[in-house]
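Worksheet for the structure shown next.
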Amino acid sequence: MDTHIQSLGPCLFPTPLHHIGSVEAPFKDDEDRILFRHETSTSQLEEEEESSPVSFEVAGPRERLYFDPSRTTVGIVTCGGLCPGLNDIIRGIVNQCHNQYGINKVYGFRYGYEGMVQRYGHTPFVLRPASVAQAHHFGGTFLGSSRGQQDVGDMVDTLEDMGVDILFVIGGDGSLRGASQITKEIERRGLKKAVVGIPKTIDNDIMFLDKSFGFETAFAAAVQAVTCAYVESTGAVNGVGLVKLMGRDSGFIACYAALAGSNVDFVLIPEVPFDLEGPRGFLEALRYRLVRRGSVVVVVAEGAGQELMGGGMGVDASGNPRYGDVGLFLKDRINGFFKERRMEVNVKYIDPSYIVRSVPANAQDNVYCSRLAQSAVHAAVAGKTGMLVGRWHGSFVHLPLDMVTHGRRKVDPKKELWHSVLESTGQPPNLR
Ligand code: ATP
Ligand code: MG
């Protein structure tokens, strides 16, 4: 695992950050590391004594900078789907650039990577602390976002034309792959521009991150939907509260929302396949629970059970597969199953998708986003590039872009989180 962070060159400029008030800034250098693994065994430790353990560079202010802040121009772009905290990150970057480093030229590209392609005609915003002061009170991204492939050459042309030295990309796996291509094109042209990513994923599915920003806000909003589903289910004869939550490939939101409320009877996630029919299938288990309890709550992640629907829904503008609506599918199948058995059932289906992703970040995420933004600016002014900031074992770290976009973090059906879900719901571990 290559955790080395690319650098544009030697850092020759002293930082303006020496003191914040009377407190000396907590400078870090590249020798400060966070270990990849904190769980270990004695045999592993003995093995590792011979080789050096994998570790990540620690984020934070550097004593010397690659860029001269008074002559530095910054660009910010947000891409992909909405997620709580996007505005917080933009605001954090703008404030950190202006107030701490004295970087006065900060542009916000409009509508994702589209805004970096001049023929679309989206004029970038000029961003100042006053223009972002209230941004964190609102969900979404005030810069706008988009999907769809853009030409990397066009985007780097724009960075050259505008004299942008540092580009911050706030986005998901697709955006970070785009950021990696931009970094390579910059390098190919022999330019000295830093590209730093701030990973966005409402599903908490990016590798090598403790958690992603917005996740806590999102699952807190999801919990409200689950609570409503419970209330609805108990208010009708044989009520089934069915909630579809985000989670295309990873079921973290579904798992956490279920654990938070503990009135959930079934959690269905993409990582754990299930059958509908048959004596051990989901519908029979649902019937059994309904007969015993009189009401049932089911939480399903949007990517669960796709294979049961036959797939083949095509792809979106960015090339991501489109998924069938598993919530509506389950609603139909549950109704059909009980109709055949002449048993009354009242399915209350709740799909809170946009309510979960477009709410403003909560206080916990406000803090997390501010610290990510600060870390991103510290890294970029020190000339670090082709990287993103994240948190690992509670510390903010630098990670190479390419390492993180190799795969996805998933709920491991053999590990503690899924076990906790099974304990909390009491659902059969195997619905097939
Ligand atoms: P999310 O999926 O969480 O909403 P995302 O960043 O993955 O966020 P996408 O729509 O997949 O969202 O991608 C955002 C932008 O990144 C789009 O403009 C897309 O064209 C670009 N992009 C996606 N995949 C790649 C890739 N492999 N290489 C270069 N650019 C990419
Ligand atoms: Mg994506």
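Start at 1 and go down the list; that is how both ligands and their atoms are numbered. Only this structure's heavy atoms are used, side chains among them; waters, hydrogens and symmetry mates stay out. Note that the structure is predicted; figures quoted are calculated from it, not measured.
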Indicate the atoms forming the closest heavy-atom contact of Leu176 with Gly171, along with that distance.
CG-O, 3.8 Å
Would you say the ring centers of Phe142 and Phe138 fall short of 6.0 Å from each other?
no
Does any donor atom in the side chain of Arg33 or Ser55 lie under 3.5 Å from an acceptor atom in the other side chain?
yes
Checking a contact table here: which protein heavy atom is nearest atom 14 (C) of ligand 1, and how many Å away?
Ser175 OG, 3.4 Å
So is there a nitrogen or oxygen of Ser146 less than 3.5 Å from a nitrogen or oxygen in ligand 1?
no
Can you see whether Gln118 engages Asp161 through a side-chain donor-acceptor pair at a distance of less than 3.5 angstrom?
yes
Can Arg110 be said to sit on top of Tyr120's aromatic six-ring, NZ or CZ under 6.0 Å from centre and within 45° of the ring axis?
no
Is the shortest side-chain N to carboxylate O distance from Arg408 to Asp173 below 4.0 Å?
yes
Tell me, please: is Gly112 in heavy-atom contact with ligand 1, that is, under 4.0 Å?
no
Flag, side chain of Lys200 to backbone of Gly80, donor-acceptor distance under 3.5 Å
no
Verify the distance criterion only: is there a donor paired with an acceptor across the side chains of Glu63 and Thr15 at less than 3.5 Å?
no
Which residue supplies the protein heavy atom nearest to atom 11 (O) of ligand 1, what is that atom called, and how far is it?
Asn320 ND2, 3.0 Å
Can you classify the ring geometry of Phe56 versus Phe36 as parallel (below 30°), tilted (30 to 60°) or perpendicular (above 60°)?
perpendicular
Check Gln181 against ligand 1 and report side chain, backbone, both or neither, counting heavy atoms closer than 4.0 Å.
side chain
Determine, using heavy atoms of Lys200 and all atoms of ligand 1, whether some pair is separated by less than 4.0 Å.
yes
Shortest protein contact, atom 4 (O) of ligand 1 (heavy atom only):
Gly81 N, 2.7 Å
Atom 7 (O) of ligand 1: nearest protein contact (heavy atom, Å):
Asp173 OD1, 2.5 Å
Under-4.0 Å heavy-atom contact with ligand 1, by part of Ile202 that carries it
neither
Under 4.0 Å between a side-chain nitrogen and a carboxylate oxygen: does that hold for Asp325 and Lys244?
yes
Is it true that the side chains of Thr217 and Asp365 contain a donor and an acceptor less than 3.5 Å apart?
yes
For ligand 1, which atoms have a heavy atom of Tyr113 less than 4.0 angstrom away?
15 (C), 16 (O), 18 (O)
Looking only at protein heavy atoms, which one is nearest to atom 20 (O) of ligand 1, and what is the separation?
Gly148 O, 2.7 Å
Looking only at distances, can you tell me whether any N or O atom of Gly174, backbone or side chain, sits closer than 3.5 Å to an N or O atom of ligand 1?
yes
Distance to the ring centre below 6.0 angstrom and angle to the axis at most 45 degrees; does that hold for Arg248 and Tyr323?
yes
Within the structure, does Gln150 bring an N/O atom to less than 3.5 angstrom of an N/O atom in ligand 1?
no
Contact with ligand 1 for Thr201, non-hydrogen, under 4.0 angstrom
no
Tyr368 vs Phe396 aromatic rings, parallel, tilted or perpendicular, using cut-offs 30° and 60°?
tilted
Starting from atom 30 (N) of ligand 1, locate the nearest protein heavy atom and write down its residue, its atom name and how far away it is, to 0.1 Å.
Gln149 NE2, 3.2 Å
Output yes when the distance from some N or O of ligand 1 to some N or O of Gly171 is under 3.5 Å, and no in every other case.
no
Looking only at distance, does Ser318 have an N or O less than 3.5 Å from an N or O of ligand 1?
yes
Looking only at protein heavy atoms, identify the closest one to atom 2 (O) of ligand 1 and say how far it is in Å.
Arg147 NH1, 3.7 Å
Report the name of the N/O/S atom of Asp173 located nearest to the Mg ion (ligand 2).
OD1
For atom 27 (N) of ligand 1, what is the nearest protein heavy atom, given as residue, atom name and distance?
Arg177 CD, 3.5 Å
Considering Cys83, Ser212, Gly172, Gly319, which one's heavy-atom position lies nearest to atom 5 (P) of ligand 1?
Gly172
